[in-house]
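Okay, so here's the structure we're looking at.
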Amino acid sequence: MKLIDLHVHSTASDGSFTPEEVTALASEAGLTAIALTDHDTVSGVGEALASAGDSPLEVVPGVELSCLYKEKEIHILGLYIDHTDKTFLDFLNHAEIKRNSRNQLMLAAFQKDGFPITMEDLVMENPDTVVTRAHFARALVKKGCVSSVDQAFKKYLDPDRPYYRKREIITPAEAIQAIRNAGGFPVLAHPCLYRLGWMQTEELVRNLKELGLGGMECWHSSNYAEESSKLCRMADRYSLLPTGGSDFHGAAKPDIRIGSGRGNLQVPAEYLDALKLAMFLGQ
């Protein structure tokens with residue numbers, strides 16, 4: 001069975017492998033396609049496309065947009081984005097400005113309390129990266145403030161922790177419309193991670209469908225098999241296409257492997273074929 005991975009990250013945001021290295025890993029894993037979906041940026045897409053070249057691996061230009069739904073941060077994947085579209089790039093630049101403002105507030109709070117981290121520690125010699133909370137976590141590990149990325153989130157960076165700062169982020173409607181305007185296909189990322197419960201998850205899906213959502217990430221490294229099956233049935237009820245991805249980050253999530261997640265993830269290439277057909281038909 002031909003396998004794909006429609007949710008991977010690189011050093012363009014909070015992954016630890018460059019876009020070129022990500023494509024090499026995907027080829028080594030025998031995947032036929034990956035989507036590079038860095039947080040709020042498409043800056044790594046060109047490199048990924050170039051590195052794949054004429055190889056059998058298809059690189060899907062993508063993005064993962066953070067947005068706010070009823071005070072809960074959710075993520076929308078955009079697949080087959082036109083990564084050169086000026087309007088979309090301006091949209092991402094506006095989102096980055098909001099993110100950077102939040103990062104400065106968080107960094108100032110850490111430094112005020114004596115944590116020895118700087119912006120240079122966060123960007124890790126990659127000034128073009130989009131800094132996320134994962135960058136803070138890795139810097140805290142490197143400085144010996146915590147023993148693991150997971151501990152950094154649980155102790156300092158999760159929404160109910162002392163150094164978390166809310167940021168002004170876009171709405172789901174804005175995210176979906178921006179993706180559609182850039183020729184992309186909008187997909188709700190990892191619904192189970194929001195811990196809404198099944199009734200509220202279905203309400204979220206129903207609302208997003210009305211806004212133009214096209215698909216739902218039914219298969220993800222964090223899911224149990226039963227959860228993925230429920231999500232597939234939900235996607236079918238709302239005429240959404242199922243997709244799947246590992247959410248590969250490299251060192252930031254060392255137990256997640258590209259293409260196979262935590263060992264048992266298998267996303268069939270037929271999912272991507274169905275998505276392409278839907279886009280061709282204008283769905």
Side-chain angles (χ1 to χ4, degrees), residues 2-65 75 77-86 88-89 92-93 95-96 99 120-132 134-135 137-139 141-142 149 179 182-185 187 189 217 220-221 243-262 265 267 269 271-272 275-276:
K2 294 181 178 179
L3 300 177
I4 60 177
D5 189 340
L6 299 182
H7 191 163
V8 303
H9 294 270
S10 75
T11 51
S13 62
D14 56 349
S16 61
F17 291 94
T18 67
E20 181 178 4
E21 291 169 335
V22 168
T23 59
L25 289 170
S27 294
E28 291 171 10
L31 301 177
T32 61
I34 61 167
L36 187 66
T37 53
D38 280 307
H39 292 282
D40 301 326
T41 183
V42 290
S43 64
V45 169
E47 181 183 337
L49 289 169
S51 62
D54 296 326
S55 73
L57 178 71
E58 178 184 358
V59 173
V60 177
V63 70
E64 183 172 11
L65 297 180
H75 295 169
L77 300 173
L79 304 179
Y80 286 109
I81 288 288
D82 178 357
H83 66 290
T84 66
D85 183 81
K86 184 181 184 304
F88 189 68
L89 293 176
L92 292 180
N93 183 60
E96 184 179 358
R99 182 186 289 272
E120 288 72 23
D121 296 320
L122 298 178
V123 299
M124 296 179 296
E125 300 181 357
N126 182 12
D128 296 325
T129 191
V130 175
V131 175
T132 69
H135 291 80
R138 292 204 291 265
V141 172
K142 188 174 181 179
V149 167
I179 289 167
F185 190 84
V187 173
E217 192 173 52
H220 183 266
S221 294
T243 72
S246 65
D247 206 353
F248 173 76
H249 282 70
K253 298 180 179 181
D255 59 331
I256 294 177
R257 294 179 294 279
I258 195 166
S260 58
R262 293 189 170 94
L265 184 73
V267 184
Y271 279 9
L272 193 57
L275 193 152
K276 290 178 182 178

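Note: hydrogens, waters and symmetry copies are ignored here, and every other heavy atom, side chains too, is used.
In plain terms, the two heavy atoms of Ser246 and Asp5 that are nearest each other are OG-OD2, 2.5 Å. Nearest heavy atom pair, residue His83 against residue Pro61, reads ND1-CB, 4.4 Å. The two residues Lys253 and Asp247 make their nearest non-hydrogen contact at NZ-OD2, 3.3 Å. Residues Phe248 and Ile256 share a closest heavy-atom pair of CD1-O, 3.4 Å. The two residues Ile81 and Gly78 make their nearest non-hydrogen contact at CG1-O, 3.6 Å. Contact between Thr37 and Glu64 at its shortest, heavy atoms only, is O-CB, 3.5 Å.
Annotation: side chain of Leu65 is not in contact with side chain of His75 (no heavy-atom distance under 4.5 Å). The closest side-chain heavy-atom distance from Asp40 to Val63 is not below 4.5 Å. The closest side-chain heavy-atom distance from Ile34 to Val22 is below 4.5 Å. Proximity of Leu77 to Leu6: side-chain heavy atoms (C-beta onward) are nowhere separated by under 4.5 Å. Side chains of Val42 and Leu92 form a contact here, defined as non-hydrogen atoms less than 4.5 Å apart.
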- [ ] Decide side-chain contact (heavy atoms from CB on, under 4.5 Å) for His9 and Phe17; before the verdict, give the C-alpha distance in whole Å, the side-chain angles of both, and the deciding distance to 0.1 Å.
- [x] CA-CA 8 Å; His9 294 270; Phe17 291 94; over 6 Å; no
Task: Trace of the side-chain contact (heavy atoms from CB on, under 4.5 Å) decision for Phe185 with Thr243 - done: CA-CA 11 Å; Phe185 190 84; Thr243 72; 5.5 Å; no
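For the pair Asp38 (side chain) and Thr41 (backbone), a donor-acceptor distance under 3.5 Å is absent. Judged by distance alone, the side chain of Asp82 and the main-chain N or O of Ala182 form no donor-acceptor pair under 3.5 Å. Although no hydrogens or angles enter the test, the distance criterion places a donor-acceptor pair under 3.5 Å between the side chain of His135 and the main chain of Ser13.
For the atom pair NZ (Lys2) and CG (Leu272), the distance works out to 11.5 Å, reported to the nearest 0.5 Å. Here CG of Leu265 is found 5.5 Å from OG of Ser221. Values are rounded to the nearest 0.5 Å. Note that OG of Ser10 is 7.5 Å distant from CD of Glu47, once rounded to the nearest 0.5 Å. One finds the NE2 atom of His39 at 4.0 Å from the NE2 atom of His249 (value rounded to the nearest 0.5 Å).
The only option from Val8, Leu25, Ile258 that meets the side-chain contact (heavy atoms from CB on, under 4.5 Å) definition with Leu31 turns out to be Ile258. Each of Val45, Val59, Leu49, Thr11 was evaluated against Pro19; a single residue qualifies, Thr11, per the side-chain contact (heavy atoms from CB on, under 4.5 Å) test.
The environment of Lys142 atom NZ is sparse: at most 12 non-hydrogen atoms of other residues, nucleotides or ligands sit within 6.0 angstrom.
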